[in-house]
Amino acid sequence: MMQNKLLHGQWQQVEEELAADIAAGRFVDDNRLPKETDLMARFGVGRHSIRRAMQQLQNRGLVQVEQGKGTFARDARLDYRLSERTRFSRNLLEQGREPLGQAIKEEAIPAPRRVSEALRLPPNEPVYHIVHLGFADEDPIGLSNAYFPVRRFPGFDKARRNGSSVSVILAEYGVTDYIRLRTDIIVRLPTREEARHLKQSETQPVVLLKKVDVDMKGTPISYSESIWPGERVQFSIDNTSQLLSVLAEAANAKE
């Protein structure tokens with residue numbers, strides 16, 4: 001039993017170190033990983049541990065084995081751009097990925113304190129709580145808890161169950177445009193349930209995004225907390241719209 005436990009620890013360590021190397025882009029020679037014998041020498045472990053680690057990396061989508069050629073690192077991370085008008089579907093479609101979604105839970109609840117404060121609602125004001133799992137192609141990439149005021153959007157949950165997108169539903173209530181007011185980014189380990197939904201290890205970090213969306217009058221319309229697998233998604237801040245606005249103002253000032 002002690003020997004099996006040791007072997008488990010060996011292959012798991014190999015897996016995590018190679019995963020970190022892949023994330024850091026350390027395999028620059030056509031993304032090819034070192035040969036099996038070289039990895040055995042590097043980590044001081046046997047062939048069984050290397051092959052077990054490689055199998056796990058392949059299951060995680062981090063490597064691709066090509067018979068007769070070798071094992072290659074895959075940079076399959078989604079570049080998710082955060083901006084004033086971040087939209088999930090548009091983000092994915094622009095990168096050639098198919099956006100899919102699965103509703104896990106939808107219910108009206110009294111707003112928790114953090115939610116009522118973010119939405120500027122009285123304590124315990126009813127909100128729609130929607131738990132949603134987002135996919136890029138077939139890969140789960142985002143588990144979100146979103147909250148919408150019931151008073152402002154009566155029937156929101158029914159429209160969601162009918163398959164309408166959030167933007168379409170909001171437009172039906174007169175919110176034809178909205179922007180992201182604030183985003184807080186936190187890195188932590190996932191809960192067991194989060195790891196299960198995202199199909200990842202509980203030891204792999206996730207990125208927690210807390211955001212508030214407002215209408216064009218500055219009134220909050222939604223608050224959400226979304227969990228993203230760090231291995232599959234990277235975030236970039238897109239300030240293009242602000243830059244264009246500044247340039248336009250500068251051009252007008254010269255005229």
Side-chain angles (χ1 to χ4, degrees), residues 15-16 18-27 30-33 53-67 69-83 85-106 130-146 159-169 180 183 185 187-209 211 213 222 224-238:
E15 175 194 352
E16 297 309 322
L18 289 177
D21 287 345
I22 293 170
R26 295 195 177 102
F27 300 112
D30 296 328
N31 288 332
R32 188 194 303 269
L33 269 68
M54 285 299 179
Q55 183 61 54
Q56 291 299 112
L57 291 172
Q58 190 173 12
N59 292 342
R60 289 163 63 177
L62 297 182
V63 301
Q64 179 176 345
V65 179
E66 298 185 15
Q67 295 298 328
K69 295 183 178 181
T71 302
F72 298 84
R74 293 182 58 197
D75 186 6
R77 286 180 298 178
L78 178 74
D79 183 17
Y80 199 87
R81 293 181 289 276
L82 301 177
S83 66
R85 289 177 171 80
T86 297
R87 303 293 185 263
F88 179 81
S89 295
R90 186 186 306 167
N91 242 320
L92 270 61
L93 290 171
E94 288 177 352
Q95 298 179 65
R97 307 290 293 274
E98 182 180 3
L100 300 171
Q102 173 187 343
I104 296 175
K105 181 168 62 177
E106 298 180 359
I130 299 174
V131 183
H132 182 265
L133 184 60
F135 295 81
D137 300 323
E138 298 180 354
D139 299 323
I141 60 166
L143 177 65
S144 69
N145 286 266
R160 283 288 296 165
R161 287 193 291 271
N162 289 336
S164 298
S165 69
V166 170
S167 295
V168 169
I169 297 172
R180 180 176 297 212
T183 302
I185 304 175
V187 177
R188 63 168 173 79
L189 292 177
T191 65
R192 178 174 299 178
E193 182 180 7
E194 291 166 350
R196 178 175 61 82
H197 282 302
L198 295 173
K199 296 183 179 180
Q200 69 162 65
S201 167
E202 293 179 41
T203 63
Q204 293 299 311
V206 294
V207 181
L208 167 62
L209 298 186
K211 74 178 181 74
D213 287 335
S222 70
S224 72
E225 299 172 348
S226 54
I227 307 295
W228 305 76
E231 278 187 345
R232 284 171 242 155
V233 184
Q234 65 182 22
F235 295 93
S236 58
I237 308 299
D238 185 355

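Excluded from the calculations below are hydrogen atoms, water molecules and symmetry mates; all remaining heavy atoms, backbone and side chain alike, are included. What you are looking at is a predicted structure, and each value in this text was computed from that prediction instead of being measured.
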In terms of ring plane angle, is the pair F235 and Y80 parallel, tilted or perpendicular, where the classes change at 30° and 60°? perpendicular
For E66, does the CD atom sit with more than 12 other heavy atoms under 6.0 Å from it, leaving out its own atoms? yes
Apply side chain to side chain contact (heavy atoms under 4.5 Å, CB included) to the pair R196 and E202, showing each step before the final yes or no. CA-CA 8 Å; R196 178 175 61 82; E202 293 179 41; over 6 Å; no
Rounded distance [0.5 Å steps], CZ in R161 versus CD1 in I130: 9.0 Å
With no hydrogens and no angle check, just 3.5 Å: does a side-chain donor-acceptor pair link S224 and S226? no
Would you say R32's side chain and K69's backbone share a donor-acceptor pair under 3.5 angstrom? yes
Between the CD1 atom in I22 and the CG atom in L33, the distance rounded to the nearest 0.5 Å is 5.5 Å
For side chain to side chain contact (heavy atoms under 4.5 Å, CB included), just list the numbers for L18 and L57, CA-CA rounded to whole Å, side-chain angles, deciding distance to a tenth of an Å, and then say yes or no. CA-CA 8 Å; L18 289 177; L57 291 172; 3.8 Å; yes
I'd like to know if the side chain of D137 and the backbone of R97 have a donor-acceptor N/O pair within less than 3.5 Å. no
Rounded to the nearest 0.5 Å, what separation is found between the CD1 atom of I237 and the CZ atom of R81? 12.0 Å
Any donor-acceptor pair under 3.5 Å linking the side chain of R87 with the backbone of S167? no
Would you name the heavy atoms of E194 and T191 that are closest together and state the gap between them? OE1-N, 2.9 Å
Does S201 reach the main-chain N or O of T203 with its side chain, forming a donor-acceptor pair under 3.5 Å? yes
Roughly how far apart are L208 CG and L143 CG, rounded to 0.5 Å? 10.5 Å
Test item: Q95 side-chain N/O and D79 main-chain N/O as donor-acceptor pair under 3.5 Å: yes
Heavy-atom neighbours of R192 CZ exceed 12 at 6.0 Å: no
